[in-house]
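Each residue takes its place number in the sequence, starting with 1. Numbering of ligands and ligand atoms starts at 1, following listing order. Because only heavy atoms are used, hydrogens play no part in the values below, and waters and symmetry mates are left out as well, while side chains stay in.
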Amino acid sequence: MLDFLSLILFVLPVYVANGIPVLLGGGRRLDLGKNFIDGKPLLGKGKTIRGFAAGVLTGSLVACAFAIFYPLDWFMIASCSKAKVFGFFFTEPARQLLGGAALALGTMVGDATGSFFKRRFGIESGKQFFPDTVVFLAVALLFAAPFVSASLFTLENLVFLFALTIVLHPATNFIANRLGLKKVPW
Ligand code: CTP
Ligand code: MG
């Protein structure tokens, strides 16, 4: 049986990190305005240093709060043999905090990586591109994998997480657009 609630709580740092740059982004570009060898922007004007940092920090903050107040089974040590190596210093709250921070960092790295490839395909900043919907989640899960118990990575859990993201990403972008926070509804 899928544990929907704990999966949603697990993935929350990803959604927070992905959403917050729309509110807090701006200023200097992450690619510092540089072009790639193809003459197109490296990442483009949609990726800023402040947006990246705000995503990582707020996502990590959410992870920190959950690590303290709401331990999630996905970070249990029993199912991870590496814990023996790290021993006492690598406690479950620490795993949950680091895992959540890794999710947030992975989200922003995935988001920027997506933009890198988008620019290579000649798609302008802000234009619709289906991989935008899921690439950040895939990279976030990769980054967090060392801290997460293997039991998370079942087919049904992954299908749920990706399906939820495919539904929520356009929905939240549409709402952000209607609220005047985002120029385009995707
Ligand atoms: N944003 C930011 N810094 C980031 C990521 C996002 O400042 N690292 C802000 C930008 O204002 C951006 C908005 O959040 O326009 C929406 O993010 P996103 O949809 O990821 O960027 P796009 O503008 O669509 O650009 P791209 O085509 O490169 O994805
Ligand atoms: Mg976009």
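- Take T58 and apply the side-chain contact (heavy atoms from CB on, under 4.5 Å) test, not counting sequence neighbours, and it matches V16, I20.
- Near ligand 1, residues P21, V22, G25, G26, L43, G46, K47, T48, G51, F52, M108, D111, S115, K118, R119, E124, S125, G126, K182 come within 4.0 angstrom through at least one heavy atom.
- Aromatic ring centres of F75 and F10: separated by under 6.0 Å.
- Using a 3.5 Å distance cut-off with no hydrogens or angles, the side chains of R95 and S149 do not pair a donor with an acceptor.
- Donor-acceptor pairing under 3.5 Å is lacking for the side chains of Y15 and T107.
- Residue pairs meeting the salt bridge (Lys or Arg N to Asp or Glu O under 4.0 Å) criterion with at least one member in residues 40-69, sequence neighbours excluded, are K47-D111.
- Not counting sequence neighbours, the partners of R29 by the salt bridge (charged side-chain N to carboxylate O under 4.0 Å, His left out) test are D31.
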